[in-house]
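First comes the structure, then the notes that go with it.
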2 protein chains.
Amino acid sequence: MEKATIKDVADLAGVSPSSVSRSLRGVGGVSAATTERIRAAAESLGYTVSPAAYRLATGRTGTVAVVMPYLTRWFFAELLGGAEAVVREAGLDLLLYHLGDTEIRQRYFSSGILRKRVDGVLLATLALSDPEIHALRSLDVPVCMAGTEVDGFSSVCIDDVSSARRAVQHLVNLGHERIAIIAGDPREPMHFTVPPRRRDGYLAALKAAGLPAGPDLEAQGAFTVEGGEEATVDLLARDVLPTAIFAECDEMAFGALRVLGRVGLRVPEDMSVVGFDNHPMASYFGLTTVAQDVAEQGRMIAWHLVRSAQGNGAKPVRLRAPTHLIVRATTGAPTRRTARAILAGRQPAVAGAKSDSARRSSRPARANGHDPLTRPPMARPAGNKRLATTKEKKG
Amino acid sequence: MEKATIKDVADLAGVSPSSVSRSLRGVGGVSAATTERIRAAAESLGYTVSPAAYRLATGRTGTVAVVMPYLTRWFFAELLGGAEAVVREAGLDLLLYHLGDTEIRQRYFSSGILRKRVDGVLLATLALSDPEIHALRSLDVPVCMAGTEVDGFSSVCIDDVSSARRAVQHLVNLGHERIAIIAGDPREPMHFTVPPRRRDGYLAALKAAGLPAGPDLEAQGAFTVEGGEEATVDLLARDVLPTAIFAECDEMAFGALRVLGRVGLRVPEDMSVVGFDNHPMASYFGLTTVAQDVAEQGRMIAWHLVRSAQGNGAKPVRLRAPTHLIVRATTGAPTRRTARAILAGRQPAVAGAKSDSARRSSRPARANGHDPLTRPPMARPAGNKRLATTKEKKG
DNA sequence: CTGAAAGCGCTTACAG
DNA sequence: CTGAAAGCGCTTACAG
């Protein structure tokens with residue numbers, strides 16, 4: 001079947017294209033009888049409005065752009081999934097842009113290419129430069145952000161500061177006094193805005209508790225598993241060891257668990273670990289973490305974007321998504337034995353963890369802290385009740 | 001700045017819109033002098049061609065659709081990432097559709113809504129029903145598939161059968177004689193095509209080696225970590241236990257490792273495990289697996305789609321992406337002690353693994369098989385040479 | 001090499 | 001309630 005046009009439908013129904021357009025759009029002013037005839041004609045012809053013609057005539061594109069710095073990372077994939085559902089439900093098209101480096105990004109924003117192409121833009125967690133923000137503003141379409149707040153744009157965020165603070169407070173409450181952080185690399189090319197906020201929460205909790213903070217207790221982890229491993233190796237080579245580690249994201253916590261297992265430190269007996277995000281693998285590891293529903297955030301902001309793109313109530317809003325601490329099995333009260341003493345008694349040297357020789361030690365690696373069967377009283381694992389399934393319930 | 005039109009540019013350059021169009025499109029027939037004047041005018045006005053007008057005039061949309069059954073699963077996110085890069089590089093727009101259930105999907109395909117909207121469609125691993133295939137064909141635009149082969153459409157696939165066979169052959173070569181499989185659920189709503197092919201490879205290897213196969217050695221895992229856990233619990237409750245497990249995907253292998261660790265079976269001494277995909281976490285677990293480069297597959301097929309969508313050499317092709325076995329630390333020769341004997345000596349009963357009581361056993365969980373320090377001679381771990389980073393080199 | 005004109009398929013005041 | 005007409009911003013034969 002060839003592509004039917006509005007004229008074909010009009011001819012078949014014996015009316016003018018105007019009437020077809022009116023009736024199909026449901027703007028009223030068409031008698032019930034003609035409406036029905038038109039509907040039947042359109043259906044029999046398999047008629048669909050040409051998006052190009054519609055857009056040209058109305059100036060509205062029926063399209064939103066979703067701009068992502070990463071497509072494969074958990075957070076962004078979840079966000080995209082949530083947003084897509086809402087956008088499609090609204091009958092709009094979703095144009096996907098993976099905008100890696102700043103240069104590409106700015107070229108895109110300022111080229112105006114988006115302006116004629118979309119009715120709205122959804123940007124995921126990017127710290128934007130001033131020229132970029134300016135370019136976005138002059139796009140002259142509603143812009144929404146996820147994970148970042150910018151004046152004049154709507155956004156959805158979690159409260160990274162207070163959430164991180166709560167996670168660290170959990171460690172404080174367990175009795176930890178030397179709490180290290182595995183932080184995101186501040187020189188991250190993507191200008192991630194999240195890491196510094198989570199670090200602020202960490203620092204706030206320490207300060208409130210009168211606990212020490214500083215470079216001795218910080219390591220960089222790049223927000224990846226490997227980065228978490230490197231950071232942990234780094235931490236374990238410090239003069240004084242922590243009794244607990246707060247990782248700014250779960251992936252880094254996974255890396256920490258691996259290294260701790262390798263060097264023979266038990267989790268949580270010898271070292272507590274807290275992550276952030278409740279990554280799908282977190283329950284696998286029994287990781288204590290801060291949970292956020294990222295897909296829901298995608299839905300929230302996409303819903304707002306759709307409304308704005310359709311011209312309704314375009315006042316910028318700042319949406320807050322909730323988080324909650326999930327205590328599983330990687331956190332517990334510190335034991336009297338320090339990690340240093342344990343390592344000293346078992347390993348040639350902590351520094352040895354960096355070399356191949358550590359791996360040839362005769363000690364078998366320990367479990368990575370999941371499902372520790374002896375658990376200190378204060379650690380209340382949520383979930384993990386059954387062996388076969390480990391899905392957490394919300395809330 | 002208001003949106004400049006071609007007329008604005010023409011006026012500023014003192015020429016006709018025709019010339020502006022010709023010169024900007026680079027179709028020739030415009031003097032160098034005018035071309036330059038036009039270019040300058042366009043630039044000073046920040047002119048961009050209106051996609052809607054262009055599409056209406058030419059009938060070409062400059063857009064491709066990418067249709068995905070999942071957005072957040074590793075495989076699909078990787079594929080999307082690879083495809084996006086190529087599509088954007090080609091200057092085309094990427095319309096994203098997350099089409100969950102069959103009903104929604106078919107409605108979309110047959111509505112013709114895509115026909116007027118895109119110049120090409122890329123479908124990710126979906127087993128399509130005949131009506132769906134018919135609807136796709138009548139779309140009248142090139143359709144490319146990733147992970148599935150359909151007559152008349154271009155596609156990119158790995159050889160699931162021979163890759164799975166090779167993985168299982170690796171187990172056979174190590175001396176395993178009872179090799180179980182954790183397979184994808186055949187009633188999967190998405191009509192996944194991959195699981196049966198990987199199972200075929202598994203069966204072929206067993207048959208060639210004259211080893212037993214059958215229901216006793218099969219369990220369903222749903223292609224998720226939790227599914228892998230359940231399947232492993234199931235396998236461990238069988239009358240006769242395997243000495244090795246082939247999981248059709250890495251996520252299920254992760255689940256297997258977790259359960260094995262919990263019940264006290266060492267990997268690979270007591271049980272070997274092979275996965276499939278080389279998921280980013282595979283190296284973390286030291287998992288022996290079949291590696292495929294999914295992003296590359298996305299690039300390959302997207303490149304072909306772009307060419308087809310632009311009308312060049314539209315003959316359907318069947319692209320094959322390579323795979324390679326990565327032997328890490330979860331596979332080794334079977335020991336004389338059977339898993340059954342080990343379990344019998346250590347646990348109240350295998351069935352106990354299903355109940356909470358197993359978790360309260362006084363035995364600590366074992367390491368999940370990564371970095372086993374005693375390793376049988378035939379297992380040659382690739383990578384894992386250094387502690388801090390575990391990235392594999394290709395090839 | 002350049003321009004006038006038609007046409008792509010719609011929507012939307014404007015008349016009736 | 002209905003239709004004729006203009007217009008959205010381009011491209012592309014068709015003349016010159």
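Letters A, B, ... are given to chains in the order of the sequence lines, protein chains preceding strands, and every chain is numbered from 1.
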Checklist entry - Nearest-Å distance, CZ (B/R55) to P (C/dG9)? => result 16 Å

Checklist entry - In terms of side-chain heavy atoms of B/S19, which of D/dT11, C/dC10, C/dG3 is nearest? => result C/dG3

Checklist entry - How many Å lie between NZ on A/K116 and C1' on D/dC8, as a whole number? => result 12 Å

Checklist entry - Considering only the C1' atoms, how many Å lie between D/dT12 and D/dG16, rounded to the nearest integer? => result 16 Å

Next on the checklist: Rounded to whole Å, please give me the gap between OH in A/Y47 and C1' in C/dG9.
Outcome noted: 7 Å

Checklist outcome for this item: Whole-Å distance, A/R25 CZ to C/dT12 P, equals 5 Å

Checklist entry - B/Y47 and B/R39: side-chain donor and acceptor closer than 3.5 Å? => result no

Checklist entry - Is B/R318 salt-bridged to B/D151, going by a charged N under 4.0 Å from an acidic O? => result yes

Checklist entry - For B/S50 and D/dG9, is the shortest distance between a side-chain N/O and OP1 or OP2 below 4.0 Å? => result no

Next on the checklist: Can you measure A/I6 atom CD1 to C/dT12 atom C1' for me and round it to whole angstrom units?
Outcome noted: 12 Å

Next on the checklist: Can you see if the side chain of A/R22 gets near the phosphate of D/dG3 - specifically, an N or O under 4.0 Å from OP1 or OP2?
Outcome noted: no

Next on the checklist: Within residues 32-43 of chain A, which residues have any heavy atom lying less than 4.0 Å from an atom of DNA chain D?
Outcome noted: A/T34

Next on the checklist: Does the structure show a Watson-Crick or G-U wobble partner for C/dA4, both distances under 3.5 Å? Name it, or say none.
Outcome noted: none

Checklist entry - Does D/dA13 pair with anything, Watson-Crick or G-U wobble, both distances under 3.5 Å, and if so, with which nucleotide? => result none

Item to check | Nearest-Å distance for atom pair CZ/P, residues A/R60 and C/dT12 | outcome: 9 Å

Next on the checklist: Looking at A/S16, I'd like to know whether one of its side-chain N or O atoms comes within less than 4.0 Å of OP1 or OP2 on D/dT2.
Outcome noted: no

Next on the checklist: Side chain of A/S18 only, heavy atoms from C-beta on: which candidate in C/dT11, C/dT12, C/dC8 is closest?
Outcome noted: C/dT12

Checklist entry - What pair of heavy atoms forms the shortest contact from A/P316 to A/G152, and how long is it? => result CG-O, 3.5 Å

Checklist entry - Where do B/Q297 and B/I158 land on the side-chain contact (heavy atoms from CB on, under 4.5 Å) test, with the steps shown first? => result CA-CA 9 Å; B/Q297 292 171 56; B/I158 58 170; 3.5 Å; yes

Checklist outcome for this item: Heavy-atom closest pair (A/L114 atom, A/A65 atom, distance to 0.1 Å) is CD2-CB, 3.9 Å

Next on the checklist: What is the distance, to the nearest angstrom, from the CG atom on A/L56 to the P atom on C/dG7?
Outcome noted: 17 Å

Checklist entry - How would you label the contact of A/S23 with the nucleic acid (heavy atoms, under 4.0 Å): base, sugar-phosphate, or nothing? => result nothing

Item to check | N-O pairing of B/R55 and B/D93 below 4.0 Å | outcome: yes

Checklist entry - Going by atom types only, do B/S21 and B/S18 share a side-chain donor-acceptor pair under 3.5 Å? => result no

Item to check | B/A57 vs B/G14, nearer the 5' end of DNA chain C by closest nucleotide | outcome: B/G14

Next on the checklist: Please check if the number of heavy atoms outside A/W74 that lie under 6.0 Å from its CH2 is greater than 12.
Outcome noted: yes

Next on the checklist: Just the rounded figure in Å: distance from C1' of C/dC8 to OH of A/Y54.
Outcome noted: 18 Å

Next on the checklist: So B/V27, base contact, sugar-phosphate only, or nothing? Heavy-atom distance under 4.0 Å.
Outcome noted: nothing

Item to check | Nearest-neighbour nucleotide for the B/S31 side chain, D/dT2, C/dC10, C/dT2 considered | outcome: C/dT2

Next on the checklist: Here's a test of your reading of the structure: between B/V30 and B/T58, which maps to the more 5' nucleotide of DNA chain C?
Outcome noted: B/V30

